[in-house]
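Here the structure is a predicted model, which means the values were calculated and not measured.
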Amino acid sequence: MIPQTDLRMDMYTLDDLQYLMSRLRDPRQGCPWDLKQTFESIVHHTLEEAYEVADAIAGGNRDEIKDELGDLLFQVIFYAQLGKEEASFNFEGIVDNVVQKLVRRHPHVFPDGDLRATFPEGTKSSDEQIKQQWERIKQEERLLKHMQQNSLGESSERVEFNADEHSILRDVPRNLPSLNLAEKLQKRAAQKGFDWPELDMVLDKLQEEIAELRHELKVAEGKSLHEPEVHARLLDEMGDVLFCCVNVARFVKVNPDAALRSTNQKFISRFHFIEAQLFKRGVDIEAVPLEELDELWERAKDGSSDGITSGSVIRSSV
C-alpha cells in the first residue's frame, strides 16, 4: 500500500532529482560547495549517510528511514553526475549495470537471464542451493574480470605472485568498517578451505589470544600504556582478540556488527536508566559510589529500564 502522503499529483521524480543535481553543479549558477566536490571529497559523506540509514532503521521510525534513504540516494546521484561530467559513466549506466548483475546472480528467479520471464508456479530452490549458486556466480565474475584485465596487454605468465592480480582477497574493499572487513576476509578465505574445522577450536583460539593479551599486560606492568613499544604490542594482541571474536560470530551465524550494535543499544538503554534515577534525586553521577551505580545497573538489567529508551545494555559484560 502506498502511503497517502506519497500520492500527491505533483510529486517530484527521479528525473527531477537528476536535474536538481545538474543545477547544483552548473558552472555558472550552481552551488559553490557542490561545485568544489570530487569523488574523493564526498566519500565520507556517503559513509555517514549509510550509517544514518542504519541508525534510522534501528530506531524504527519509518519517516526517518524514508528521509535518510533519500539522502543516501542523493549520494548515488552525485557520483553519477561527476561520472557524467568526466564522461566515464552516467546514472543510466549505473542502473543498467546493477540490473544486469542482479538478474545474472538470481537465475532461480529469472530463467535464462530474462528480467521479464518467470518459472512455473511452485518452482523452488533451497537456501543452500541459492547460496552456493550465488558464490559460484560471483567467483565466475571475479575470474572474468581477472581475464579481462590480463587481456589489456598483460602477460598471463605468472613470474611472481602479485596480490593485486592473483589474490582471492584482491577485490574485498579495504575501507569497510573493521568488523565487516574481518568477516569478509574470513568468509573469502573459508571458501578456499582456509578455515577452522569446528567452533570449539575457534573458542580455544579466542582463549589463547586473550591469554597472549594478558601476557603483554603483565610485561607492561610498571610502564605507561602509551609507551610506543607497549602500545604497539597491545594494539597487535587486541586486534587478534577482536579478529577471533569475529570468527566466533561467523561460526554461530551472527553478524558481528549487528551483535555489537545490539549491545551498544543495551548499554545506552541501561545507562540512561541510571542517569534517570540519579536525575530524579538531583545527584551528579560522579558523586555516586561505584557500588551504588552497580546496584542501579543490575536493576536496569532486570528490566527496570523499560520506558527510558528502546532496547537494553551492559557496563563491561551482559
All pairs passing side chain to side chain donor-acceptor pair (under 3.5 Å) where residues 75-93 contributes a residue, at least two apart
R25-E85, T46-Q75, T46-Y79, Q81-E85, E86-S88

Working note: D127 + K131, criterion salt bridge (charged side-chain N to carboxylate O under 4.0 Å, His left out); need CA distance, chi angles, decisive distance, verdict.
CA-CA 6 Å; D127 289 347; K131 180 181 177 182; over 6 Å; no

Sidechain N-carboxylate O distance under 4.0 Å for [X], [Y]:
{"X": "R188", "Y": "D171", "result": "yes"}
{"X": "D195", "Y": "R250", "result": "yes"}
{"X": "R105", "Y": "E141", "result": "yes"}
{"X": "E229", "Y": "R233", "result": "yes"}
{"X": "E209", "Y": "K205", "result": "yes"}

Passes salt bridge (charged side-chain N to carboxylate O under 4.0 Å, His left out), R299 versus E295? Steps please.
CA-CA 6 Å; R299 284 178 56 190; E295 289 178 11; over 6 Å; no

Run the salt bridge (Lys or Arg N to Asp or Glu O under 4.0 Å) test against D240 and tell me which residues pass, sequence neighbours left out.
none

Which ring-ring contact (aromatic ring centres under 6.0 Å, His included) pairs, counting each pair once, include a residue from residues 229-262, with sequence neighbours left out?
none

Would you find a donor on one side and an acceptor on the other, under 3.5 Å apart, between the side chain of N255 and the backbone of D257?
yes

To check you understand the geometry: which heavy-atom pair defines the closest contact between [X] and [Y], and what is its length?
{"X": "L35", "Y": "G30", "value": "CD1-C, 4.2 Å"}
{"X": "F273", "Y": "L296", "value": "CE2-O, 3.5 Å"}
{"X": "L293", "Y": "I285", "value": "CD2-CG1, 3.9 Å"}
{"X": "I137", "Y": "P107", "value": "CD1-CD, 3.7 Å"}
{"X": "L206", "Y": "C245", "value": "CD1-SG, 3.8 Å"}

Can you see whether H108 engages Q133 through a side-chain donor-acceptor pair at a distance of less than 3.5 angstrom?
yes

Apply salt bridge (charged side-chain N to carboxylate O under 4.0 Å, His left out) to the pair R281 and E275, showing each step before the final yes or no.
CA-CA 10 Å; R281 304 180 200 170; E275 290 178 314; over 6 Å; no

Geometric class of the F78/F74 ring pair [parallel <30°, tilted 30-60°, perpendicular >60°]:
perpendicular

Are W297 and H272 close enough that their ring centers fall under 6.0 Å?
no

Interatomic distance, CG@L181 vs CG@L169, rounded to 0.5 Å, equals 9.5 Å

Does R214 have more than 12 heavy atoms from other residues, nucleotides or ligands lying within 6.0 Å of its CZ?
no

Taking atom CZ of R104 as the centre, report whether more than 12 heavy atoms of other residues, nucleotides or ligands fall under 6.0 Å from it.
yes

